[in-house]
Amino acid sequence: MAKKSSSYVTTLLLAPMAIWMTALLILPILVVLVYSFGELAEMGGYKPAFTLAQYANLPARLTAFKNTLVLAPAGTLAAFLIAYPLAYYLARTVEPRRRMILLTLVIVPFWTSFLIRTYAWMFILGGRGIPALLEFIGIEGVRLLNTPTAVLIGIVYGYLPLMVFPIFVSLEKVDESLLEASNDLGASPVRTFLQVTLPLSLPGVATACMIVFILLMGEFLIPALLGGGKVFFIGNALVDLFLQSRNWPFGSAVAITLVVVMLVIVSLYMRMIFKPGKTQDVSMI
Amino acid sequence: MRFYALLVYLFLYIPIGIIVLFSFNAGRHASELQGFSIKWFGIALSNPFVMEALKTSLIVAGTTALLSSIMGTMAALGLQNVRGIVRMIFDSLIYIAIMIPGIVFGIATLVALATALDFINPMLKNIWPIILGEAPRLKLGLISIISAHTLWTTALATVIIRARVQGMDRSLIEASIDLYATPWRTFYQVTLPQIFPGILAAALLNFTLSFDDFIIAFFVAGGRTTLPIYVFASIRRGITPEINAIATMMLIVSLTLLFTSQGLLRKRK
């Protein structure tokens with residue numbers, strides 16, 4: 001194949017994805033940026049202007065930002081604390097043949113409907129679920145649904161599979177001989193873990209935590225179903241602003257703020273993890 | 001350690017199990033077990049709203065899976081030949097597309113299409129021939145959901161298919177070219193058979209993602225109702241055994257597709 005025709009083919013092959021992404025993701029985000037400096041039209045929607053009023057108005061949704069910025073990190077941390085021991089168990093103690101089956105069992109729920117899985121907890125935490133059981137053994141008046149606790153449980157449940165996987169990958173890659181060396185040099189198992197295993201698994205931990213945290217920043221379903229309108233996130237504010245009250249300029253300002261916060265986190269992460277000459281590849285399946 | 005793992009697995013599967021269990025509940029109340037029955041499945045399947053939503057979801061997921069695997073295959077093959085800045089741009093685009101929350105896709109596509117429609121509809125009204133009567137008003141619906149889902153799933157398709165492309169035997173392609181096969185024939189007879197399991201796996205996974213997605217569709221659906229949107233609206237009105245039956249059926253669809261695609265990825269790897 002001649003060089004020229006081959007580069008022509010390459011352009012043709014890459015064009016659909018490039019056009020699609022530009023037209024539906026990159027340009028719209030720029031449009032949202034423009035909208036965020038606009039004014040609300042009388043009929044709802046956008047009126048051209050250049051004002052920072054929408055950004056100045058952000059404190060109106062302070063509760064949503066506060067809830068998100070408290071519960072998203074808390075949920076990430078809780079999911080990490082539960083996921084790490086499981087990932088360690090799978091990567092370092094289970095024999096390889098059973099390991100694949102057990103790992104698949106962790107991932108499977110992630111590929112089922114998020115809506116259904118969250119709905120299941122409405123069922124469990126609702127009046128006839130755990131509260132009824134507690135009443136049966138004499139603890140009365142426990143309310144779980146529509147509380148921050150319910151949202152936190154939903155977060156841990158929904159994102160646990162996503163947390164386990166990258167940590168598992170990094171733990172599985174830890175070189176056995178390093179652990180043996182540490183052991184031979186008289187380090188206790190706890191010390192070997194703290195000084196060898198844990199530091200070597202940190203890239204996986206960071207990847208997992210960042211993926212979960214970023215997805216949580218845009219979470220809508222968990223607060224909508226388990227927070228019952230009392231505990232709401234930025235995602236819920238966005239649905240309200242774009243779909244219900246149709247205040248697009250303000251919605252755009254909230255969305256841009258969200259994207260900026262996410263970008264800052266991602267770039268901090270990149271600087272931390274992707275040191276020169278070191279690459280990390282994490283597949284999601 | 002083992003005990004801990006067992007607890008986590010119980011935590012992961014008990015909620016799903018409860019939904020499935022209660023979908024076979026004979027009673028009228030969602031959360032009181034009163035004997036075994038499959039009648040709620042029948043009721044769900046004979047509900048015209050459910051069937052309409054199911055139809056929409058199947059069309060959306062099918063088209064999305066098809067489009068995203070075609071675009072993903074093209075991108076995966078194209079990316080083999082580029083280096084430097086272009087490669088970096090595409091890599092970061094793919095990375096970003098996989099990482100960002102669905103809600104961002106929803107807003108982006110909503111804004112893109114609403115802006116485009118504001119522009120197209122008046123224009124259409126002007127150029128529409130009078131003989132054909134009233135000019136049609138294009139609005140959000142099936143096409144916007146498919147566009148948004150395709151946008152969202154193409155990146156994942158590219159990643160999966162690319163892994164397959166990279167593991168492909170290059171010498172076969174060179175041999176084919178040496179034997180004077182046209183590029184198209186080389187693709188069709190040598191490349192495609194080698195990467196096909198990857199393409200099929202990507203299509204099935206993207207079908208699952210699209211079929212289960214709520215938030216993106218919620219933003220761009222206009223008046224259309226997909227199955228997750230229907231379920232969400234029903235949950236808001238109150239929990240019924242019918243929802244549990246729909247949920248169980250959705251779980252079965254996802255799991256079947258997931259295991260088929262995993263089987264495809266494992267095979268001949």
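Below, chains carry the letters A, B, ... as their sequence lines are ordered, and counting in each starts from 1.
Put simply, CZ on F207(B) and OG1 on T260(B) are 11.5 Å apart, with the number rounded to the nearest 0.5 Å. The line from CE of M99(B) to OG1 of T207(A) is 8.5 Å long, rounded to the nearest 0.5 Å. Separation of atoms CG (L24(A)) and CG (L113(B)) is listed at 6.0 Å; rounding is to 0.5 Å. With values rounded to the nearest 0.5 angstrom, I107(A) atom CD1 is found 5.0 Å from F165(A) atom CZ.
At a 4.5 Å heavy-atom cutoff, the contact between M262(A) and chain B is made by side-chain atoms alone. Proximity to chain A is limited to the side chain of Y9(B), based on heavy atoms less than 4.5 angstrom apart. For W20(A), the parts lying near chain B are the backbone and the side chain together; criterion is any non-hydrogen pair under 4.5 Å. Looking at I96(B), there are no atoms closer than 4.5 Å to chain A (heavy atoms on both sides), in backbone or side chain. Residue V94(A) does not touch chain B at all, counting heavy-atom pairs closer than 4.5 Å. Residue V111(B) touches chain A through both its backbone and its side chain, counting heavy-atom pairs closer than 4.5 Å. Interface remark: L151(B) contributes backbone and side-chain atoms alike to the contact with chain A (heavy atom separation under 4.5 Å). With a 4.5 angstrom heavy-atom cutoff, M1(B) touches chain A via backbone and side-chain atoms both. Residue I19(B) touches chain A through its side chain alone, counting heavy-atom pairs closer than 4.5 Å. When heavy atoms are compared at a cutoff of 4.5 Å, L77(B) approaches chain A by way of both its backbone and its side chain. Proximity to chain A involves both the backbone and the side chain of L12(B), based on heavy atoms less than 4.5 angstrom apart. Proximity to chain A involves both the backbone and the side chain of R2(B), based on heavy atoms less than 4.5 angstrom apart. Only the side chain of L243(A) comes within less than 4.5 Å of a heavy atom in chain B; its backbone stays farther off. Looking at T208(B), the atoms closer than 4.5 Å to chain A (heavy atoms on both sides) all sit in the side chain, from C-beta outward. Using a 4.5 Å cut-off between heavy atoms, F218(B) contacts chain A through both its backbone and its side chain. Using a 4.5 Å cut-off between heavy atoms, T182(B) makes no contact with chain A at all. For a residue to count as touching a neighbouring chain, one of its non-hydrogen atoms must lie under 4.5 Å from one of that chain's; by this rule A23(A) touches chain B with the backbone only. Neither the backbone nor the side chain of I70(B) comes within contact range of chain A; no heavy atom of the residue lies under 4.5 Å from a heavy atom of that chain.
Side chains of M250(B) and V231(B) form a contact here, defined as non-hydrogen atoms less than 4.5 Å apart.
No salt bridge links R117(A) with D212(B); every basic N to acidic carboxylate O contact stays at or beyond 4.0 Å.
Y88(A) and F193(A) have their aromatic ring centers within a separation under 6.0 angstrom. You'll find the ring centres of Y157(A) and F11(B) inside the 6.0 Å limit. A distance of 6.0 Å or more separates the ring centres of F220(A) and F233(A). Residues F214(B) and F114(A) place their aromatic rings such that the two centres sit no closer than 6.0 Å.
Judged by distance alone, the side chain of S57(B) and the main-chain N or O of F211(B) form no donor-acceptor pair under 3.5 Å. Judged by distance alone, with hydrogens and angles left aside, the side-chain atoms of N206(B) form a donor-acceptor pair with the main-chain N or O of T153(B) at under 3.5 Å.
Of the residues considered (I116(A), L14(A), L215(A)), L14(A) shows the highest number of contacts with chain B, using heavy-atom pairs under 4.5 Å. For chain A, the option among I16(B), I14(B), I107(B), T115(B) with the highest count of heavy-atom pairs below 4.5 Å is I107(B). Put simply, of L255(B), I246(B), L209(B), the one with the most heavy-atom pairs under 4.5 Å next to chain A is L209(B). Ranked by heavy-atom pairs under 4.5 Å with chain A, the first of M71(B), R236(B), Q80(B) is M71(B). Put simply, of S252(A), G251(A), A224(A), the one with the most heavy-atom pairs under 4.5 Å next to chain B is A224(A). Considering only heavy-atom pairs separated by less than 4.5 Å from chain B, the leading option among G228(A), P85(A), A83(A), A255(A) is P85(A). Contact tally against chain A (heavy-atom pairs below 4.5 Å) for V253(B), V82(B), T150(B), V104(B): the top residue is T150(B). Contact count versus chain A (heavy atoms, under 4.5 Å) is highest, among P15(B), S261(B), A108(B), A112(B), for P15(B). In terms of heavy-atom pairs under 4.5 Å with chain B, the best-connected choice from L160(A), L105(A), L12(A) is L105(A). When each of V164(A), L115(A), L258(A) is scored by its heavy-atom pairs under 4.5 Å with chain B, the top score falls to L115(A). Heavy-atom pairs under 4.5 Å with chain B peak, among V106(A), V31(A), V259(A), at V106(A).
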Run the side chain to side chain donor-acceptor pair (under 3.5 Å) check on S68(B) and T154(B) step by step: do they pass? CA-CA 5 Å; S68(B) 68; T154(B) 297; 5.0 Å; no
Show your reasoning for whether side chain to side chain donor-acceptor pair (under 3.5 Å) applies to S23(B) and T248(B). CA-CA 7 Å; S23(B) 69; T248(B) 301; 3.0 Å; yes
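Exactly one residue among L110(B), V220(B), I216(B) makes a side chain to side chain contact (heavy atoms under 4.5 Å, CB included) with F105(B). That residue is I216(B).
Shown here is R87(B), whose CZ atom has more than 12 heavy atoms of other residues, nucleotides or ligands within 6.0 Å. Open room surrounds CD1 on I143(B); 12 or fewer heavy atoms of other groups in view lie less than 6.0 Å from it.
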